[in-house]
Every structure is written in structure tokens, then in C-alpha cells.
Amino acid sequence: INRVSFNSDKTLFITSSADFTAKLYDVVDLKHLKTYKTDRPVNDAVISETKDHILLGGGQEAMSVTTTSGKVGKFETRFFHLVYEEEFG
């Protein structure tokens, strides 16, 4: 696990991981709710405060971004629907 982020009211948290996933959990009972899968390591994940969206940042390490093309290192932000786990951007 690379990072853990909470939603604004601290009822959910999301983990980002080098295993190409981000996972959403309930804070009270630590129940796993959703898994967001990508084709690259997930360096960070956040839960939107205004929409039912999850944002994932991943790919190569951030310090290497300036030395390689963004497409080569797959250093991009990806958008998923919170409920349906579908990538839309």
C-alpha cells in the first residue's frame, strides 16, 4: 500500500497500491467495498468531495516524470465511478 486517503466525512477510505489496484473500505467495520483495477501501479488515490468519483494517479515514480515521456511511464490520472467501478476518463 502506497497511500491511504479518507473521504471528507471520514466514513470511507481508499488505499493505493503497487499491485495495480485501489481499494475502498468502510471506516467503521473495515469492510472492503470496491476495487478499482488499472494496468499500472497506483501511487495515490482520492475520493471526490463533490461527485461519486475516484481519482487514481499512477505509473512511474513522480521523480522520474521529467526525464521520460508521460506515455512511456504511464504517469496519468484516471477517473472511476465510485459505485460502478468503471473507468470513464
Side-chain angles (χ1 to χ4, degrees):
I1 295 175
N2 294 324
R3 296 222 183 347
V4 175
S5 299
F6 292 87
N7 65 341
S8 59
D9 59 359
K10 306 288 190 265
T11 57
L12 301 170
F13 70 90
I14 190 164
T15 63
S16 52
S17 179
D19 70 356
F20 299 13
T21 66
K23 295 181 180 181
L24 186 69
Y25 293 89
D26 180 272
V27 170
V28 175
D29 59 11
L30 300 179
K31 181 180 177 185
H32 173 248
L33 303 173
K34 304 284 179 183
T35 299
Y36 308 93
K37 298 178 183 177
T38 69
D39 62 349
R40 64 201 71 185
V42 181
N43 298 335
D44 204 356
V46 295
I47 303 166
S48 173
E49 294 182 14
T50 58
K51 303 281 185 184
D52 287 336
H53 298 162
I54 300 291
L55 285 74
L56 306 182
Q60 69 193 72
E61 292 296 319
M63 67 181 186
S64 301
V65 172
T66 58
T67 60
T68 59
S69 166
K71 294 197 185 292
V72 171
K74 297 184 177 180
F75 188 82
E76 300 173 338
T77 300
R78 303 176 86 171
F79 295 81
F80 286 79
H81 191 278
L82 176 80
V83 177
Y84 302 117
E85 301 175 60
E86 295 176 356
E87 183 176 358
F88 64 88

Original post:
Is a side-chain N or O of K34 found less than 3.5 angstrom from the main chain of V83, in a donor-acceptor match?
Top reply: yes
**OP:** Could you state whether L55 and L82 fall into the same hydrophobic cluster, counting links through intermediate Ile, Leu, Val, Met, Phe, Trp or Tyr residues with side-chain heavy atoms under 4.5 angstrom apart?
**Re:** no
Original post:
Given side chains that start at C-beta, do those of L56 and R40 come closer than 4.5 Å, heavy atoms only?
Top reply: no
For residues 46-54, tabulate all N or O donor-acceptor pairs below 3.5 Å that involve a side-chain atom, not counting sequence neighbours.
{"from": "S48", "atom 1": "OG", "to": "T50", "atom 2": "N", "distance (Å)": "3.2"}
{"from": "S48", "atom 1": "OG", "to": "K51", "atom 2": "N", "distance (Å)": "3.1"}

Original post:
Which heavy atom in A22 sits nearest to a heavy atom in A45, and how many Å separate them?
Top reply: CB-CB, 4.2 Å
**OP:** Kindly say whether K31 contributes a backbone atom to a donor-acceptor pair with the side chain of D26 at under 3.5 angstrom?
**Re:** no
**OP:** Kindly work out whether a path of hydrophobic side-chain contacts (I/L/V/M/F/W/Y, heavy atoms less than 4.5 Å apart) joins F13 to I1.
**Re:** yes
Subject >> For Y25 against L33, the heavy-atom pair lying closest together >> reply: C-CD1, 3.9 Å
Original post:
Taking only residues two or more places apart in sequence or in another chain, which ones pass side-chain contact (heavy atoms from CB on, under 4.5 Å) with F20?
Top reply: T38, P41
Original post:
For the residue pair F80 and Y36, what are the closest heavy atoms and their distance?
Top reply: CB-CD2, 3.8 Å
**OP:** Using the test side-chain contact (heavy atoms from CB on, under 4.5 Å), find all partners of T35 that sit at least two apart in sequence or belong to another chain.
**Re:** T21, K23, H32, K37, E85
**OP:** Please check if atom OH in Y84 has more than 12 non-hydrogen atoms from other residues, nucleotides or ligands closer than 6.0 Å.
**Re:** no
Original post:
Quick one: do L30 and V4 end up in the same hydrophobic cluster if we chain Ile, Leu, Val, Met, Phe, Trp and Tyr together by side-chain heavy atoms under 4.5 Å apart?
Top reply: yes
Original post:
Between the main-chain N or O of R3 and the side-chain N or O of S16, is there a donor-acceptor pair closer than 3.5 Å?
Top reply: yes
